[in-house]
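The structure appears right after this line, and notes come after that.
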Amino acid sequence: MCPAMPELPEVETVRRQLAAVLPGRRIAGVRVRLARVLQNASPEELARRTAGRVFGPPGRRGKYLLLPLFRAGGASGSGPGARAGAEEAGARLIVHLRMTGRLTVEPAGEPETPYTRVAFSLDDGQELRFADVRTFGTIHLVEDGQEGGPAGLAALGPEPLADEFTPEVLAAALAGRRAPVKAVLLDQRRVAGLGNIYADEALFAAGIHPQRPAGGLARAEVERLHEAIRTVLARALAEGGTTFRDYVNGRGQPGGFQAYLQVYGRAGRPCPRCGAAIARLRVAGRGTHVCLTCQT
DNA sequence: ATAGCGCCCTGGTGGC
DNA sequence: TGCCACCAGGGCGCTA
C-alpha cells in the first residue's frame, strides 16, 4: 500500500504529471463522494463554481498543489464583470494530499479505487481523480482575491529549492529556538515542504542529531544542513519521489528514491556510513530514524 | 511567542 | 483462525 507520504518531491512530481495533461481541459462535471474533503464549499457549490471552467498550468507551494481555473474564454454572454480579456478573474483549487492522497488523470471509463473522494470529469473523456485512503487530504476552492484558502498556505516558509533559501535564511529560521531541530524542519512556517522522510534524511546527511536544540547549531552545522536539505530534495525529485512497497500507481510512476534512503524506515539495519544499527526515536511526536554514531 | 500534545482517519501488522 | 490494540503522520487547534 503506502505510496509514501507526499512531501515536496512527491507533490512536485504530481504537479509535473498534471502539467502535462491538465492545462486547457474544461470541467464538465464534478462527483463528490466524501463531502468532508471539501474544506470551504459544499458539493453543490463546488459543482456550480467550477462547471465550465478551464484548468491552467498547475503550481505548487510547499506541499500544496495549486490548480488555477479560468472561465471559459469567449463563451456565452451575461457574465458579470469584464469578459473581454483572458485576464478575467479566476479561481484556484488548492489540494493537499496529506499522507495518502493521490491526484491522477485517468480515462473516465477506467475503474476507480473505492477511495476516490472527488472526481472532476473533463472535456476530453478523462477524469481528474482525488483518491485518499485515510481521508486526511483536503481541497479548497478559492476565488482570486478572496479569502478562504488554507491557513497554512499563507504562512508557508521559503521554498527550500529556490534561490531565496540561503544558509542565512535557514540560520534565521533556527536561531533562538529551543525546539528540536527536527521539529523546526517539520514546521512549514520555517521551511516549506519537508516532511518526516526528508527531515530524517537531511539530518543524517548533515550528521546532526534530530533532538539537538535548533538554536544551538554551529554555523558550520547550519551550512551542512542547508546543503543536505537541498541535495536530498533535489535527488528525490530527480528520482520522482519515494515510494514504499511495490506500489504501482495507475497513471503515475512509482518513485525511485526509496533505494537511496539512508535512515528512514531502516531501524535496526546498519548505517550506510558506519555500520552501526539505525536507531528509532520519537522526536516532535514523529517516528525518527537516526544513526547515533554519525549524528551528534 | 513558543513548544508540546491530542485529534482526525483507516488499513496493515503483530501479539495472543 | 480470529480478534484487537496499536501504529503511521500533516496540519490544526488547544494548552501552558
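Values below: every heavy atom of this structure, side chains too, minus hydrogens, waters and symmetry copies.
Each end of the helix from dT2(B)-dA16(C) to dC16(B)-dG2(C) gets its own rotation axis from five pairs of C1' atoms, and the angle between them is 50° to the nearest 10 degrees.
In summary, the aromatic rings of Phe257(A) and Tyr198(A) are positioned with their centroids under 6.0 Å apart.
Under a 4.0 Å N-O distance rule, the pair Arg219(A)/Glu168(A) qualifies as a salt bridge.
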Item to complete: Any chance you could list the contact pattern along nucleotides 9-16 of chain C? Use B for base contacts, S for sugar-phosphate-only contacts and - for none, protein heavy atoms under 4.0 Å, 5' to 3'.
Response: BBBS----
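Nearest to the side-chain atoms of Arg36(A) among the listed nucleotides dG11(B), dA3(B), dC9(B) stands dC9(B).
The interatomic distance linking Arg33(A) (CZ) with dC9(B) (P) rounds to 18 Å, in whole Å. Following rounding to the nearest Å, Arg178(A) (CZ) and dG4(B) (P) show an atom-to-atom distance of 10 Å.
Within 4.0 Å of Pro180(A), counting heavy atoms only, lie sugar-phosphate atoms of the nucleic acid but no base atom.
Taking a 6.0 Å sphere around CD of Glu164(A), one finds it holds more than 12 heavy atoms contributed by other residues, nucleotides or ligands. The environment of Arg25(A) atom CZ is dense: over 12 non-hydrogen atoms of other residues, nucleotides or ligands sit within 6.0 angstrom.
Atom CG of Leu18(A) is separated from atom OG1 of Thr104(A) by 8.5 Å, given to the nearest 0.5 angstrom.
By the 6.0 Å and 45° rule, Arg273(A) stacks over the aromatic ring of Phe204(A).
The main-chain N or O of Arg117(A) is never found under 3.5 Å from a side-chain atom of Arg33(A) such that the two would form a donor-acceptor pair. A distance-only check finds a donor-acceptor pair linking the side chain of Arg177(A) to the backbone of Ala173(A) [under 3.5 Å].
OP1 or OP2 of dT2(B) sits under 4.0 Å from a side-chain N or O of Arg190(A).
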